[in-house]
Amino acid sequence: LNAKGADPYRPQGPFEALVALRDGEAAARKIARRWGWPSWGDVIQVDEPDVHRLFYSLIRLAYLTPTVERFLPVLLPLYNGIGRLGLAWVRRRGWKPLK
């Protein structure tokens with residue numbers, strides 16, 4: 001880990017990932033259709049040219065919908081601001097962190 005001359009591990013693509021969903025065929029078909037990926041049975045096929053795009057596609061598959069992805073640039077700063085306002089409110093009420 002401390003080697004100075006070691007390059008990061010970057011596997012070369014293209015990549016083909018076959019993801020089996022435990023929720024069954026209907027869930028796989030719904031997610032595959034949502035993102036435009038081929039599927040059969042409970043398996044979704046994700047083809048990407050490099051490891052970064054593959055990783056992003058797997059994140060989309062697991063956590064996002066196209067609508068949520070579209071609003072992320074607006075929602076993330078909004079939620080961050082709401083959290084900061086909440087912390088400021090708690091601090092104004094005299095809350096002190098545990099030591």
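Heads up: numbering here begins at 1 and tracks the sequence.
Heavy-atom contacts from other residues, nucleotides or ligands closer than 6.0 Å to CZ of R53 number 12 or fewer. Counting non-hydrogen atoms of other residues, nucleotides and ligands closer than 6.0 Å to CD of Q12 gives a total of 12 or fewer.
Shown here for A27 and D23, the closest heavy-atom pair between the two residues is CB-CB, 3.6 Å. Considering every non-hydrogen atom in both S57 and V46, the closest pair reads CB-CG1, 3.7 Å. Summarising the geometry of F15 relative to V51, their closest heavy-atom pair is CE1-N, 3.3 Å, with the distance given to 0.1 Å. Of all non-hydrogen atoms in T65 and W35, the two that sit nearest each other are C-CZ2, 3.6 Å. Pairing each heavy atom of Q45 with each of W37, the nearest pair is O-CB, 3.4 Å. Nearest approach of G41 to A28, heavy atoms of both residues: O-CB, 3.8 Å.
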Legend entry - Pair H52-Y56, side chain to side chain contact (heavy atoms under 4.5 Å, CB included): steps then yes or no: CA-CA 6 Å; H52 301 290; Y56 184 65; over 6 Å; no

Inset, instruction - For I59 and F55, run side chain to side chain contact (heavy atoms under 4.5 Å, CB included): C-alpha distance rounded to whole Å, both residues' side-chain angles, the deciding distance at 0.1 Å, then the answer. - result: CA-CA 6 Å; I59 289 172; F55 185 70; 3.4 Å; yes

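The salt bridge (charged side-chain N to carboxylate O under 4.0 Å, His left out) search around R29 returns E25, not counting sequence neighbours.
Both V68 and I31 belong to a common hydrophobic cluster when Ile, Leu, Val, Met, Phe, Trp and Tyr are linked at side-chain heavy-atom distances under 4.5 angstrom. Under the 4.5 Å side-chain contact rule for hydrophobic residues, I44 and L58 share a cluster. Criterion: ILVMFWY side-chain heavy atoms under 4.5 Å apart, direct or through other members. Under it, L75 and I82 are part of a common hydrophobic cluster. Linking Ile, Leu, Val, Met, Phe, Trp and Tyr whenever their side-chain heavy atoms come within less than 4.5 Å leaves F71 and L76 in two separate clusters.
How far CG of L18 is from CG of D47: 8.0 Å, rounded to the nearest 0.5 Å. Separation of atoms CZ (R84) and CG (L87) is listed at 8.5 Å; rounding is to 0.5 Å.
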